[in-house]
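Data block below; observations after.
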Amino acid sequence: MDAQTVVELSGLTKRYGDVTAVHDLSFAVRRGEFFSILGPSGCGKSTTLRTIAGFESASEGMIKLDGTDITDTPAHQRETGMVFQSYALFPHKTVGENVGFGLKMEGVPQSERKKRITEMLATVDLDGFEQRMPSELSGGQQQRVALARALIIEPSVLLLDEPLAALDLQLRQDMRFELQQIQDRLDITTIYVTHDQQEALSMSDRILVLDGGRAQQIDTPRELYNNPRNQFVADFIGEANILQTRFKSATEDTIEVEPEFASMNTVSVMEHGFDADALSKGERIYLNIRPEDITIHPPEDDVADGLTAEITNKTFIGKTTQFVATVGNNQEILAEASGLAAQQSIATGDMVSLTWSRDDCTIIGDHRVWVLLNHASG
Ligand code: ADP
């Protein structure tokens with residue numbers, strides 16, 4: 001095991017009767033890392049986290065914390081601190097008593113407890129709130145108390161289960177930033193569960209994308225966005241045009257495909273880590289292009305290699321304008337343009353040319369047959 005690894009899952013499977021909530025999951029979280037588990041509702045995020053905390057038992061596989069196998073260790077003996085979406089504070093205890101609860105259980109003397117509670121409340125920006133009752137606090141403040149309560153026992157890993165989901169949008173955005181700052185300052189290894197892709201992209205060092213209890217990709221936010229490994233990830237993270245093509249040939253750094261979505265010549269794509277060795281000529285693969293990477297050329301422009309399309313919808317969304325361009329076989333392509341020129345010079349009904357740089361598109365395989373390249377190693 002890498003000395004930097006704090007949490008390690010190997011082949012974790014969790015079944016509830018006939019339901020397999022988590023399937024053969026392996027990953028390693030490094031010291032000080034902010035690691036998120038992202039996916040739609042019901043994909044197994046909470047189950048994974050609760051199994052690490054020990055609130056659920058593993059059906060198969062192993063969990064290690066700081067190199068020790070804790071798969072069968074009771075929850076209260078694991079060095080983990082957990083924060084839930086519903087703050088789960090003790091309603092009849094003061095803020096100070098809530099925060100100091102874990103220390104009291106550990107038998108830490110009162111004077112020491114008091115000192116550490118004061119310090120911890122300062123860390124979460126709640127100086128002087130010690131004597132308040134939870135009911136006297138806002139949602140954001142209650143969540144900071146829950147965070148302080150989890151952190152005060154100095155856990156090896158902080159486990160956060162959608163901690164911001166109950167807050168309104170503005171507060172959620174402020175808290176994202178605060179949480180990140182606290183995590184960074186304390187340099188605490190953190191596993192963060194969320195269904196909110198923006199939250200995960202903005203806060204994480206690395207993200208595990210889960211679907212149906214199975215790992216889809218483990219990568220940095222930038223890699224997930226720029227280089228999704230399958231259709232699910234491409235669709236789930238941001239907006240994507242996923243276009244059917246057939247594999248033609250591959251050289252060292254370029255893959256050539258024949259579009260099925262329109263009659264146009266072979267398209268070249270940079271290889272971007274896609275392993276084309278196993279593909280045979282004519283096999284179906286997909287071209288993935290982000291809407292903002294497509295340039296729309298107005299009718300009067302003379303573009304040699306563009307894809308001819310008709311603008312069938314135009315929506316102003318503030319900073320940018322979204323266009324739906326329809327090509328050949330009724331394939332719709334989403335394009336996004338910022339700047340006034342595009343907004344003013346392109347109208348619904350126009351015949352335009354679409355172009356993109358071959359650096360900006362990637363190839364993805366079939367969701368069902370894709371072999372996860374980053375499995376476990378990250
Ligand atoms: P998420 O956190 O991604 O929304 P969960 O981990 O809560 O997903 O749930 C994953 C799957 O496991 C779902 O199909 C859910 O219905 C099922 N599940 C979760 N907890 C239980 C339980 N205690 N008993 C039976 N099924 C459960």
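The cluster map of Ile, Leu, Val, Met, Phe, Trp and Tyr, joined by side-chain heavy atoms under 4.5 Å apart, puts L171 and L164 in the same cluster. V324 and I289 are assigned to two separate hydrophobic clusters, defined by single-linkage of ILVMFWY side chains at heavy-atom distances under 4.5 Å. Hydrophobic cluster membership is shared by L137 and M120, with clusters built from Ile, Leu, Val, Met, Phe, Trp and Tyr side chains linked at under 4.5 angstrom. Hydrophobic clustering (side-chain heavy atoms under 4.5 Å, transitive across Ile, Leu, Val, Met, Phe, Trp, Tyr) keeps M62 apart from V157.
Checked by atom type, the side-chain pair E223/T220 shows no donor-acceptor distance below 3.5 Å. A donor-acceptor pair shorter than 3.5 Å can be found between the side chains of S268 and E256. Donor-acceptor pairing under 3.5 Å is recorded for the side chains of R284 and Q244. Side-chain contact annotation: K248 with T266, donor-acceptor N/O pair under 3.5 Å present. Using modelled atom types and a 3.5 Å distance limit, the side chains of S46 and D161 yield a donor-acceptor pair.
A distance of 12.5 Å separates OG of S156 from CZ of R78, quoted to the nearest 0.5 Å.
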Under 3.5 Å, which donor-acceptor pairs link side chains of residues 184-198 to any protein atom two or more places apart or in another chain?
{"from": "T189", "atom 1": "OG1", "to": "G32", "atom 2": "N", "distance (Å)": "2.9"}
{"from": "T190", "atom 1": "OG1", "to": "I188", "atom 2": "O", "distance (Å)": "2.9"}
{"from": "Y192", "atom 1": "OH", "to": "E199", "atom 2": "OE2", "distance (Å)": "2.7"}
{"from": "T194", "atom 1": "OG1", "to": "D196", "atom 2": "N", "distance (Å)": "2.9"}
{"from": "T194", "atom 1": "OG1", "to": "E199", "atom 2": "OE2", "distance (Å)": "3.3"}
{"from": "H195", "atom 1": "ND1", "to": "E162", "atom 2": "OE1", "distance (Å)": "2.9"}
{"from": "H195", "atom 1": "ND1", "to": "E162", "atom 2": "OE2", "distance (Å)": "3.2"}
{"from": "D196", "atom 1": "OD1", "to": "Q198", "atom 2": "N", "distance (Å)": "2.9"}
{"from": "D196", "atom 1": "OD1", "to": "E199", "atom 2": "N", "distance (Å)": "3.1"}
{"from": "Q197", "atom 1": "OE1", "to": "G238", "atom 2": "N", "distance (Å)": "3.3"}

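Both cation-pi conditions hold for R149 and F90: the charged atom is under 6.0 angstrom from the six-membered ring centre and inside a 45 degree cone around its axis. A cation-pi arrangement is not found for K314 relative to F316, the charged atom failing to lie both closer than 6.0 Å to the ring centre and inside a 45° cone about the ring normal.
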